[in-house]
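None of these values were measured; they are calculated from a predicted model.
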Amino acid sequence: MTTPASTPAPAPAPAPAAADARDLALAHYAARGVLETVLARHGITFQQQVTLRAAITADTPQTPDDLLARVQESLKTDPAGIRTTIDELRAERLLAADGPHLRPTDTGRELLAAVSAETAPLSARIWGGIPAEDLATTGRVLALVTERANAELAALTA
């Protein structure tokens, strides 16, 4: 009588690797690449879009210095470059002076609305299907990473 050969049990699947700074950077640049492709079709750069969005979403009218500070808080970039971006948005008539403040023009609001409408289904496909509890955990982790990175940057530039 022959006995069937025993087959070894399959090896357990390896545990997923813990996320690290490289994973975060790869996700950021992949998503940013999608956004920048859409922005290019509308003739606007990433920094211009961030600046225009900051002006549109501000609770109060922004002076150029207020707007610069909001954008610098988000992008951690050189103030001179942000001033250049503000000037570009004014030259394109996407922002306009209103006394000491800058206000988004109707053209600026329409541009941002068009970009948002085009990116919404892309974002839905990118984020869709991720369980709510995973998104909640990701949100908490990213908030903590942001807080710690901001503290490190403040210490480095003090």
So do the side chains of H101 and P64 get within less than 4.5 Å of each other, counting heavy atoms only? no
Heavy atoms, side chains only, cut-off 4.5 Å: are L95 and L67 in contact? yes
Applying side chain to side chain contact (heavy atoms under 4.5 Å, CB included) to R140 and not counting sequence neighbours gives A136, T137
Partners of D65 by side chain to side chain contact (heavy atoms under 4.5 Å, CB included), sequence neighbours excluded? T63, R83
Within this structure, what is the [atom1]-[atom2] distance for the pair [X] and [Y], rounded to the nearest 0.5 Å?
X: D66; Y: L102; atom1: CG; atom2: CG; value: 9.0 Å
X: Q62; Y: T57; atom1: CD; atom2: OG1; value: 8.5 Å
X: L144; Y: R148; atom1: CG; atom2: CZ; value: 4.0 Å
X: T119; Y: L112; atom1: OG1; atom2: CG; value: 8.5 Å
X: L94; Y: E110; atom1: CG; atom2: CD; value: 10.5 Å
X: E118; Y: S123; atom1: CD; atom2: OG; value: 11.0 Å

Can you get from [X] to [Y] by hopping between Ile, Leu, Val, Met, Phe, Trp and Tyr side chains that sit under 4.5 Å apart?
X: I126; Y: L39; result: yes
X: I82; Y: F46; result: yes
X: L26; Y: L35; result: no
X: Y29; Y: V34; result: no

Here the pair of heavy atoms bringing R109 nearest to P104 is NH2-CG, 3.5 Å
Heavy-atom nearest pair, G81 first then Q47, reads O-NE2, 3.3 Å
Side chain to side chain donor-acceptor pair (under 3.5 Å) partners for [X], two or more places apart:
X: E92; result: none
X: T51; result: none
X: Q72; result: none

Any donor-acceptor pair under 3.5 Å from [X] side chain to [Y] backbone:
X: D23; Y: D20; answer: yes
X: R70; Y: A54; answer: yes
X: Q49; Y: E36; answer: no

Under 4.5 Å side-chain heavy-atom separation, chaining through any Ile, Leu, Val, Met, Phe, Trp or Tyr, what else clusters with L24? Say none if it is isolated. V141, L142, V145
Quick one: which of I56, I44, D106, T105 gives a side chain to side chain contact (heavy atoms under 4.5 Å, CB included) with L111? I44
Would one find more than 12 heavy atoms of other residues, nucleotides or ligands at under 6.0 Å from atom CZ of R93? no
Are side-chain N/O atoms of Q48 and T85 paired as donor and acceptor at under 3.5 Å? no
